[in-house]
Each structure stands twice: as structure tokens, then as C-alpha cells.
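Here's the structure we're looking at; comments come further down.
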Amino acid sequence: MLSRNIQSCSLIAGITLLAACGEPQPSGMQAPPAATVSVTTVQAKAVSYYDEIPANVKALQEVELRAQVSGYITGIYFKEGDQVKKGQKLYTIDQQQTQANYQQALANLSVQEANLAKAEKDVERYRELDKKDAIAKQQVDYAEATYEAAVKQVEAARAMVSSSQTNVRYSTIVAPFDGTIGISQVRLGASVSPGQTLLNTVSSNDPIGVDIAVDQREILRFSQLLNSSAAETDSVFQLVLGGEIYPHFGTLSFIDRAVDPQTGTIKMRIEFPNPEHVLRPGMSATLRVASYAENAITVPFKSLTELLGEFLVYVVQDDKVSQQKVAKGRQIGMDVIIESGLKSGQTIVVEGVQKLREGSTISIQ
């Protein structure tokens with residue numbers, strides 16, 4: 001009897017629970033609250049900024065000094081890293097062999113000149129005898145041939161003297177232009193071979209070049225700078241070295257003849273004064289190119305949202321927002337130039353973008 005009562009109570013409780021679960025819920029969910037944001041109105045304005053381009057410092061003149069004759073280094077007449085002048089003596093190579101060859105060439109020239117003098121007298125004598133039919137024609141021909149051969153031998157001897165004399169001059173290596181000489185690759189007593197042994201490198205240092213690679217779309221802009229007068233471009237190019245601004249301005253020197261088809265870039269060179277010799281060939285730097293935009297659309301960088309490599313802003317329409325794709329340009333401080341996607345007069349969200357999605361209701365702070 002007690003068991004039957006318990007089963008009845010359980011059945012009644014189950015029916016009551018099912019009835020409660022099956023009751024309809026109140027219709028209509030409450031809308032999420034409006035997101036509080038800060039906004040700004042986009043305005044076109046003139047802006048000045050710098051484009052930054054990786055650059056490499058290059059010497060306008062640079063030459064490797066190599067031996068042109070064989071021998072041993074007998075003299076080094078500079079201090080490594082010195083400023084050298086054009087024609088200054090830098091190295092000497094043992095001249096014993098070259099001097100001996102030169103003296104031998106001079107002696108040979110004297111012999112050939114003596115032979116020429118004898119042949120000339122013989123041919124003149126035979127010509128006179130030939131006029132009187134007092135000598136065989138064959139002997140005259142021999143004399144003429146001997147004379148012509150003697151002339152050629154003298155010419156060959158003179159060429160040998162000139163060559164030997166050149167080798168003597170090559171035994172002394174001089175600076176080809178004013179510049180800085182580097183670390184010597186040879187020491188006293190070192191054996192050198194013509195055209196193979198590198199002795200040193202000399203490079204010019206004032207002015208000095210800075211090479212950059214620029215996208216081909218910028219050719220027109222830089223061509224206009226190249227054709228402008230120096231006064232107009234004097235402050236356009238600045239150089240940054242380790243975060244410090246180089247104190248002298250540069251001037252565009254030349255634009256390369258062709259675009260690199262692999263990279264779509266073209267090389268250009270800017271010349272900078274280098275009176276203190278701060279810039280050295282091989283240095284890496286950043287070139288700053290002054291730029292100016294008349295009617296640029298700029299927005300705070302924090303107003304941008306990046307999604308899958310694309311940039312979006314939230315444009316305010318009444319009390320809601322919609323996403324709008326934009327093309328991001330150069331960043332200027334805390335702002336960024338918008339190249340396309342926004343128009344002057346539009347209102348965008350600046351702060352609170354992380355709380356928004358397409359169609360969100362906003363409350364402007």
C-alpha cells in the first residue's frame with residue numbers, strides 16, 4: 001500500500017515537471033546595448049612626410065691596385081687608411097730585372113740604328129752606281145731589301161725600348177686619383193705576379209654616392225626631381241645613419257638606364273657631400289625622400305582594422321556602422337594616409353572599434 005502511494009506521487013511530480021518545461025517562453029529578445037565609441041570626420045588636407053628607402057653607400061670612384069710586373073715588394077710608402085693624392089707613390093717592386101731588360105733594349109736599339117745607318121749608306125752608293133750602269137741590278141735590289149729590313153728592325157727595337165720602359169714605370173705603383181687607401185694586402189718582400197696579385201684598393205670619398213632601388217612606378221616622380229634645379233632639390237634627400245640624421249643634404253645624380261625585370265625596380269644614385277669622411281663605401285643607411293601631398297585623406301592609425309591582409313574602417317551611418325575597405329598608404333606619426341576607400345566628410349569610428357561588427361548600433365561619446 002505504501003509502495004503504491006509512492007509511485008503515484010512520483011507520477012504526479014513527473015507530469016508537473018513536464019508541464020513546466022513545456023510552458024512557452026516570453027516572445028522577443030532584448031537588443032544588445034549600443035557600443036560607446038569615439039568618432040572623427042575625415043578631412044582632406046595638405047601633408048608633408050618622408051618616404052624611407054634602404055640605401056647603400058658607394059664610392060664614386062674605386063679601383064683595385066694590382067701588380068703589372070712580377071717581382072718582390074721593395075717599398076710601401078703610405079699608412080693604411082691615409083688620404084692619398086693623385087700620382088703619390090704607394091708601392092715599389094724590385095726593378096733589377098726590369099731595369100736590365102730596359103738597358104738591353106736600349107743596347108739593341110743602338111745596334112739596329114747602326115745597322116740602319118750602314119744599310120742606308122750602302123743603298124745610296126748602289127743607287128748612284130746603278131744610274132751609271134756600273135753595278136748589277138740584283139745587288140741594288142739586295143741593298144734596297146737590306147735597308148727596308150733595317151728600318152723595320154729599328155722600329156721593333158724602339159717598341160721594345162718603350163715596352164721595357166713601361167715595365168720600369170709599372171715597378172712603381174702610384175695613386176690614380178685623390179682618395180682613401182685601404183689595408184695593404186701585401187707586405188715587404190712579398191712576391192707579386194702581373195695582373196693577379198691584389199695590392200690594395202683606393203676609393204674616392206668626397207663627394208660620395210648613395211644607391212637605392214625604387215619601384216618603377218616612382219620613375220616619373222624621380223625624373224622630375226632629376227630635371228629640377230639643385231636649389232629646388234637641395235633639401236629633398238636626407239640620410240639616416242643608426243637613427244641619426246646626416247647633416248648634409250643630397251642631390252639626385254642619375255637614374256639607371258633600365259628597370260630590373262626580376263624585381264620591377266630601378267637603381268638611382270644620390271650624391272652627398274662628405275667633407276668629414278663620415279660616409280664609407282659599403283655602409284647601409286636609410287634614405288629619406290621629402291614628399292608632399294596637396295589633398296590627402298588621413299585617419300588615426302588606431303581606426304584601422306586588419307582582416308585577412310585587408311584594412312577596414314567603420315563608417316558611421318545614423319546610429320549604426322558599416323565596414324568599408326580602404327587602401328592604406330604612408331604612416332605619418334600616429335596617422336596614416338588613405339589612398340582610396342574614403343572621402344572627405346565621412347565620419348569614422350576612432351576608438352572602440354574592437355567592440356564593433358557590421359551593423360552595430362553605436363553611442364557616440
Side-chain angles (χ1 to χ4, degrees), residues 28-55 212-225 236-238 240 243 255 258-268 285-365:
M29 298 290 292
Q30 289 187 356
T36 302
V37 297
S38 296
V39 300
T40 187
T41 300
V42 176
Q43 298 290 342
K45 61 181 180 180
V47 294
S48 298
Y49 59 95
Y50 284 97
D51 289 319
E52 296 188 349
I53 306 172
I212 58 174
V214 177
D215 190 279
Q216 59 186 344
R217 293 174 295 181
E218 297 287 333
I219 291 179
L220 177 60
R221 172 189 172 193
F222 280 88
S223 295
Q224 292 172 343
L225 291 174
V236 172
F237 300 101
Q238 289 184 344
V240 181
I255 300 174
V259 173
D260 186 341
Q262 301 296 326
T263 62
T265 60
I266 189 167
K267 291 183 179 180
M268 302 182 187
T286 300
L287 183 72
R288 301 177 69 195
V289 184
S291 301
Y292 177 79
E294 183 67 31
N295 292 299
I297 300 293
T298 61
V299 300
F301 188 81
K302 59 185 177 181
S303 66
L304 297 181
T305 300
E306 186 176 3
L307 180 63
L308 299 177
E310 295 182 338
F311 290 93
L312 309 170
V313 295
Y314 285 97
V315 178
V316 178
Q317 297 176 345
D318 298 328
D319 60 345
K320 295 181 180 296
V321 294
S322 62
Q323 292 179 341
Q324 190 160 311
K325 187 192 303 183
V326 296
K328 183 177 76 72
R330 174 74 184 168
Q331 185 171 350
I332 307 172
M334 302 300 290
D335 294 339
V336 63
I337 294 177
I338 300 300
E339 296 180 349
S340 63
L342 277 180
K343 296 180 180 180
S344 181
Q346 289 184 295
T347 301
I348 63 170
V349 176
V350 176
E351 294 184 357
V353 294
Q354 68 277 6
K355 300 180 289 185
L356 302 178
R357 59 178 180 169
E358 178 66 25
S360 294
T361 301
I362 61 170
S363 173
I364 298 175
Q365 186 175 3

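A quick note: this is a predicted structure, and the numbers were derived from the prediction, not measured.
- Across all non-hydrogen atoms, the minimal contact from E339 to G329 is OE2-CA, 3.6 Å.
- Within the 4.5 Å cutoff, side-chain heavy atoms of M268 are placed close to those of F222.
- With V313 as the fixed residue, the side chain to side chain contact (heavy atoms under 4.5 Å, CB included) test singles out one of V350, L342, I338: L342.
- What you find for G345 and T41 is that their closest heavy atoms are O-CG2, 3.7 Å.
- Residues I332 and Y50 fail the side-chain proximity criterion, which asks for heavy atoms closer than 4.5 Å.
- Of the listed residues (V259, I266, T265), just one forms a side chain to side chain contact (heavy atoms under 4.5 Å, CB included) with T263, and that residue is T265.
- Put simply, the side chain of R288 reaches to within 4.5 Å of the side chain of V240, judged on heavy atoms.
- In this structure, the side chains of V326 and L312 stay at 4.5 Å or more apart for every pair of heavy atoms.
- Note that CD of Q317 and CD of Q324 are 8.0 Å apart. Values are rounded to the nearest 0.5 Å.
- Inter-residue side-chain proximity for V47 and T298 is flagged as met; some heavy-atom pair is nearer than 4.5 Å.
- Here NZ of K328 is found 13.5 Å from CD of E310. Values are rounded to the nearest 0.5 Å.
- In this structure, E351 pairs ionically with K302, as a charged nitrogen and a carboxylate oxygen lie closer than 4.0 Å.
- Nearest approach of D335 to P300, heavy atoms of both residues: OD1-CA, 3.5 Å.
- A 4.5 Å side-chain heavy-atom check between S38 and V349 finds every atom pair outside the cut-off.
- With sequence neighbours left out, D260 forms a salt bridge (Lys or Arg N to Asp or Glu O under 4.0 Å) with no residue at all.
- Across every non-hydrogen atom of A213 and I53, the tightest pair is O-CG2, 4.0 Å.
- Side-chain contact between V315 and T347 is absent, with no heavy atoms from C-beta onward closer than 4.5 Å.
- The salt bridge (Lys or Arg N to Asp or Glu O under 4.0 Å) pairs that include a residue from residues 213-224 are D51-R221, D215-R217, E218-R221, where partners are two or more places apart or lie in different chains.
- Around CG of D318, the count of heavy atoms belonging to other residues, nucleotides or ligands within 6.0 Å does not exceed 12.
- Considering every non-hydrogen atom in both E52 and T286, the closest pair reads CB-CG2, 3.7 Å.
- To the nearest 0.5 Å, atoms CD1 (I219) and CD1 (I255) are separated by 7.5 Å.
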For F237 and L287: C-alpha separation, side-chain torsions, deciding distance, then whether side-chain contact (heavy atoms from CB on, under 4.5 Å) applies.
CA-CA 7 Å; F237 300 101; L287 183 72; 4.0 Å; yes
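- Heavy-atom neighbours of K267 NZ from other residues, nucleotides or ligands within 6.0 Å: at or below the threshold of 12.
- For A44 against S344, the heavy-atom pair with the smallest separation is N-OG, 3.6 Å.
- The CZ atom of F311 sits 6.0 Å away from the CZ atom of F301 when rounded to the nearest 0.5 Å.
- Two residues are said to be in side-chain contact when any heavy atoms from C-beta on lie closer than 4.5 Å; V299 and V336 meet this criterion.
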